[in-house]
Structure formats: structure tokens, C-alpha cells
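Values below: every heavy atom of this structure, side chains too, minus hydrogens, waters and symmetry copies. Sequence lines set the chain letters: A, B, ... in the order given, protein chains first and strands last, and positions in each chain run from 1.
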There are 2 protein chains.
Amino acid sequence: MFERVAPRVTTVDACAKAMRVAILRGDLRVGERLPAERVLAERFGVNRVTVRSALAKLSSSRLLSVRQGSGYVVRDFRREGGPDLLPGLAELAGTNGHLSRLARDLLLMRRHMARAVLERVAEEAGDTDEVRTAVDRFEEVVTRGASMAEIAEADVAILSAVLDATRSPVLGLCLNPIADVVTQMPELRDAMYRNPQENIAGWRLLVGWMETRRRDLIDTVIAELERRDEETVRLLGRGPEKQSSNER
Amino acid sequence: MFERVAPRVTTVDACAKAMRVAILRGDLRVGERLPAERVLAERFGVNRVTVRSALAKLSSSRLLSVRQGSGYVVRDFRREGGPDLLPGLAELAGTNGHLSRLARDLLLMRRHMARAVLERVAEEAGDTDEVRTAVDRFEEVVTRGASMAEIAEADVAILSAVLDATRSPVLGLCLNPIADVVTQMPELRDAMYRNPQENIAGWRLLVGWMETRRRDLIDTVIAELERRDEETVRLLGRGPEKQSSNER
DNA sequence: ATTGGTCCCATGGTCCGACCAATTTCCCCC
DNA sequence: GGGGGAAATTGGTCGGACCATGGGACCAAT
């Protein structure tokens with residue numbers, strides 16, 4: 001209990017969200033030009049500097065392109081956007097089957113990226129100890145009945161330790177955003193940690209593999225991950241459970 | 001010839017780059033606090049609004065975290081950053097072996113993500129025609145001896161067509177940034193399209209596979225991709241070629 | 001010695017108004 | 001009808017001001 005309170009939404013974020021959902025929902029077509037900054041500022045009832053910051057956010061998310069003298073135009077986020085758009089997209093998708101389809105593809109991608117990491121670990125592995133202690137900490141967090149947010153945080157920490165073992169920043173930079181997305185989608189997160197004992201077992205399996213680092217055993221670890229992923233997707237497809245989740 | 005000229009760097013971008021390289025080079029340690037906006041503005045000799053926009057850019061790249069009243073602190077980009085940092089990192093790495101290591105991991109990740117896409121295509125494929133025409137266009141661009149930038153653009157267009165065939169936006173959102181990174185690293189890009197005929201052959205192989213969509217033949221397509229990737233990395237390891245590249 | 005309250009200052013967030021620079025629009029003139 | 005250039009539009013930068021939050025110093029009560 002008494003976990004971190006959500007930070008107050010700032011004016012910029014409010015404006016940014018309004019425009020973001022308009023784009024993600026398709027209310028604004030690709031190539032369409034947005035109203036001028038001055039117009040947007042007046043319509044939102046905020047200062048031009050404020051709406052400018054919001055527009056900068058969307059531009060950095062590749063939702064908009066901008067040219068001086070020309071204006072802001074809507075880009076094709078399906079072809080140019082990044083994984084950071086997924087939480088917003090999931091929010092719009094609702095809790096029906098759309099979300100489970102989305103989660104299925106996301107976990108598919110995550111699984112294959114994990115395989116890439118394991119291949120690299122198999123070649124040049126560093127400290128297994130770091131990973132092991134991270135797993136221990138994860139188990140400790142689970143057993144003391146911490147919140148879902150804390151469990152997810154400890155889970156990501158293990159992943160970071162594994163990535164450190166690759167001694168290459170590249171894999172981490174590719175995987176970080178996708179790993180982060182999971183923690184920002186409450187329904188998916190709850191489904192993934194529905195039974196944390198399974199997660200612990202999966203991590204223990206990985207640690208065991210890291211002792212040998214046999215390439216021909218990578219499939220075993222990934223297969224176990226796939227089994228859990230499929231169960232997660234199945235849970236999401238049934239819609240949210242009502243009885244549990246006394247604490248998140 | 002006569003390709004797109006680089007857009008003039010704006011004041012904001014100049015400030016952003018200065019601070020970005022300071023972080024990526026490690027001149028600023030993780031957790032360290034940046035000088036206040038007002039101080040930075042004075043030091044850069046720009047307005048506070050300008051330096052604020054630059055800071056916002058770095059924040060959206062997860063290089064900084066910010067809290068009102070507290071200030072900006074440097075985050076651990078290796079654990080929280082995204083693939084958009086790779087071009088800047090490659091620029092700092094120089095042309096020695098570091099770059100080839102970086103490319104090796106990047107291509108490894110890209111290959112595994114491609115495998116995920118093929119698995120999804122194998123399940124529910126859409127138009128093969130779109131992909132075929134995109135490949136034709138790629139061949140046309142190559143045969144007319146276009147610039148490297150145009151070739152890369154046509155290459156990414158094929159990828160987009162394949163992603164459309166999955167009928168799922170998720171895979172695209174995960175893969176787009178990584179595909180984009182390649183086009184932003186000149187040395188890597190030149191090495192990848194050193195012999196465009198190979199690229200064409202690879203795409204033709206993929207198109208052929210999409211006719212059957214047999215899961216057991218995915219490995220064939222990926223293996224061919226891996227062969228080319230390894231050659232690319234080998235080229236980068238030898239350092240830049242001097243004689244060719246009459247046009248980029 | 002510890003706890004809680006109060007104040008002050010540094011810092012980011014927002015606002016206003018103005019001017020600069022790139023782009024587009026459109027009208028005038030040939 | 002076409003070309004050219006002025007004018008309007010739009011994003012980029014600037015200066016200064018005020019508000020809201022964070023953090024530390026200081027003090028008072030327990």
C-alpha cells in the first residue's frame with residue numbers, strides 16, 4: 001500500500017494527449033495539415049508556448065512532421081511510429097479482443113528479441129551473479145506481496161541484468177522500449193504476473209541455462225516463455241477477471 | 001546527384017546535440033543533475049525557451065528525467081534509452097571496430113524481429129502484390145543508379161509492405177525505429193547496399209516464400225539474410241572502402 | 001534527540017507580447 | 001497565360017514575468 005501517486009498531469013500533457021488520440025483514432029488523416037499554432041493555442045485556451053511543447057512531444061513520437069512556414073502535418077504512425085505509441089493504442093482498443101490481438105503480437109516480438117539476446121549471451125557472457133541476485137530480489141518482492149507495479153519493476157530489473165551480460169548496449173537500446181511498454185499497459189501487466197511463481201520458475205530456468213550457455217538449449221527457454229505468453233493472451237481474450245486483483 | 005540537402009540545423013537542435021553527446025560520451029554521470037535552465041540558457045547564449053525545447057527533446061529520448069522544482073537529472077540511457085540513440089552512439093564510436101560490433105548486434109536484432117514478422121505472415125497473409133510491386137520499384141531504383149539514400153528508402157518501403165501484410169500495427173511499431181536507424185548511419189547503410197543485386201535477390205526469395213508461407217521454410221529466408229548481414233559486418237570491420245562510393 | 005511546522009529560495013511550468021525566418025498565397029504586370 | 005514579387009501565413013526565437021513544486025534551513029514542541 002501507499003505506492004507512488006500519479007504525478008499531476010501538466011497542461012502540456014493534456015494538450016498532447018488530446019491531439020494524440022485524435023491522430024491514433026484516425027480523426028486526422030495522414031498528410032492532413034493541423035491548424036496553426038496560434039489557432040490551436042486559442043482553441044485549447046492555452047499559451048502558444050504551451051501548445052508548442054505539446055506539438056514537440058508529438059513530433060518526437062513521429063506522429064507529426066513540421067516545417068517552418070508550412071505547418072504541422074500528420075504522419076503515418078503505422079509506418080513511422082515507435083513502440084511508445086502502443087500504450088495509447090491499447091487504451092483506445094478497449095478490453096475486447098483487440099487488446100488480446102495486440103498483446104499477442106507484442107509478446108511475439110518480445111520473445112524473438114529475447115532469443116537474439118540469448119544468442120549473444122551464448123557467445124560472450126558476463127556475470128551470471130548479477131542476474132541471479134536480480135532474480136532473488138524478484139522472488140523477494142513477489143513473496144512479500146508487493147504491488148503489480150513493483151513486481152513489474154523487479155522483472156524489468158532482471159532483464160537489465162541479462163542485457164548487461166551481453167556487454168553490448170545495442171540489444172538493450174532495441175529492447176528497452178518494448179519492455180517498458182508492458183509496464184504501461186495495466187491489463188497486460190496484470191495478466192503477465194497473474195501467477196508470479198511461474199515467472200520465478202521461468203527466470204530460474206534462464207539462470208540455469210546461463211550456466212551452460214548451450215545454443216541448442218535456447219529453444220527450451222524460449223518455448224517455456226512462449227507457453228506463458230500464450231496463456232497471457234488467452235487470459236486477455238476472456239476479458240478482465242472480476243474477483244481478484246484486490247491490490248495492484 | 002542533386003539529392004535532398006540537409007535541413008539547416010536549428011538553434012534548438014544545436015543545443016540538444018551538445019548536451020546529447022555530453023551524456024552519450026559519459027561526461028555527465030548517471031544521476032547527476034544538470035545546471036538550471038536559466039544557467040544553461042545563459043551559457044549557450046540562447047533564450048530559456050530555446051534551451052527548454054532542447055531539454056524536452058532529450059527528455060523524450062529518455063536521456064533526462066525532469067521534475068518541477070527539482071531539475072533535470074541524467075538517466076541511464078543504456079537501461080532506458082531507445083534505438084533512436086544508436087545513430088548518435090555510432091557517430092561517437094568512430095569507424096574502428098566499435099562500429100562493426102555495434103552493427104553486428106543491430107543486425108542480429110533486426111534479423112530476429114524479421115523472423116517474428118515472417119511467423120505472423122505465415123499465419124495470416126494479405127496482399128503479396130503490394131510487396132511484389134515494392135520490390136519491383138526497388139529494383140528500378142537500383143538499376144537507374146540512384147543515390148544510397150533513395151535505395152535505402154525504397155528498401156524500407158518494401159519492409160512496410162511486408163508489415164502491412166501482417167495486418168497488425170504492432171509489429172510495425174516495434175520494427176520501424178530499428179529499420180529507421182539503419183538509414184541514419186551512413187557507413188552501415190553503404191555497407192548494406194554495397195551490392196544491391198544481392199538485396200534484390202534476397203527480396204525475391206522472400207516474395208517466393210510468401211507464395212507458400214510454409215513455416216518450415218522461414219529459416220531459409222532468414223539464413224540468407226544472416227549471410228548478407230555477416231558480410232556487411234565484415235566490411236565494416238575492415239574500415240571504410242576508399243575507392244568506391246563515388247555517389248552516396 | 002526526534003518529530004513536526006514554517007519559511008525561503010532555487011527550479012521547472014506557464015503566460016504574454018514581440019520580432020525573425022521560411023514558406024505559401026495571390027495579385028499585378030508583361 | 002506565365003512569371004515575378006509583394007504580402008500574408010506559419011513556425012522559430014527572444015525577453016520578461018508570474019505561478020507551483022521541491023528541498024533545505026531553521027525553529028518549536030514533545
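Heavy-atom nearest nucleotides on DNA chain C were determined for A:D13 and for B:V39, and the one closer to the 5' end corresponds to B:V39. Toward the 5′ end of DNA chain D lies the nearest nucleotide of A:V66, the other residue of the pair A:V66 and B:V46 mapping further downstream. Comparing B:V12 and A:R8 along DNA chain D, the residue whose closest nucleotide (by nearest heavy atom) sits nearer the 5' end is B:V12.
Between B:R33 atom CZ and C:dA10 atom P the separation is 12 Å, expressed in whole Å. The distance between atom CD of B:E37 and atom C1' of C:dG13, rounded to the nearest whole Å, is 8 Å. Atom OH in B:Y72 sits roughly 14 Å away from atom C1' in C:dA10 (whole-Å rounding).
Neither OP1 nor OP2 of C:dT14 sits under 4.0 Å from any side-chain N or O of A:N47. Phosphate proximity of C:dC15 to A:T50: present, with a side-chain N or O under 4.0 Å from OP1 or OP2. Remark: A:R67 is in phosphate contact with C:dT24, judged by side-chain N or O atoms under 4.0 Å from OP1 or OP2. Distances shown here put every side-chain N or O of A:R48 at or beyond 4.0 Å from the OP1 or OP2 atom of C:dT14. Phosphate proximity of C:dT11 to B:S70: absent, as no side-chain N or O sits under 4.0 Å from OP1 or OP2.
Of the possible polar contacts, one joining the A:S53 side chain to the A:V49 backbone as a donor-acceptor pair under 3.5 Å is found.
Taking every nucleotide of DNA chain D with any atom under 4.0 Å from a non-hydrogen atom of chain B, the first and last of them, 5' to 3', are D:dG12 to D:dG23.
A donor-acceptor pair shorter than 3.5 Å cannot be found between the side chains of B:R33 and B:S70. Looking at A:S160 and B:R78, their side chains never bring a donor and an acceptor atom within 3.5 Å of each other.
Summarising the base pairing, C:dG17 is matched to D:dC14 through a Watson-Crick or G-U wobble pair whose two defining distances lie under 3.5 Å.
If you check C:dT11, C:dG13, C:dA21 against the side chain of A:Q68, the one that comes closest is C:dA21. Of all nucleotides listed (C:dT24, C:dT14, C:dT11), C:dT14 comes nearest to the side chain of A:T10.
With rounding to the nearest 0.5 angstrom, the CG atom of B:L89 is 10.5 Å from the CG atom of B:L99.
Remark: B:Q184 CD is packed, more than 12 non-hydrogen atoms of other residues, nucleotides or ligands lying under 6.0 Å away. Within 6.0 Å of atom CD in B:E42, 12 or fewer heavy atoms from other residues, nucleotides or ligands are found, so the atom counts as exposed in its surroundings.
Donor-acceptor pairing under 3.5 Å, judged by distance alone, is present between the side chain of B:R38 and the base of C:dG12.
Under the rule for a side-chain hydrogen bond (donor to acceptor under 3.5 Å, both in side chains), B:N199 has no partner lying at least two apart in sequence or in another chain.
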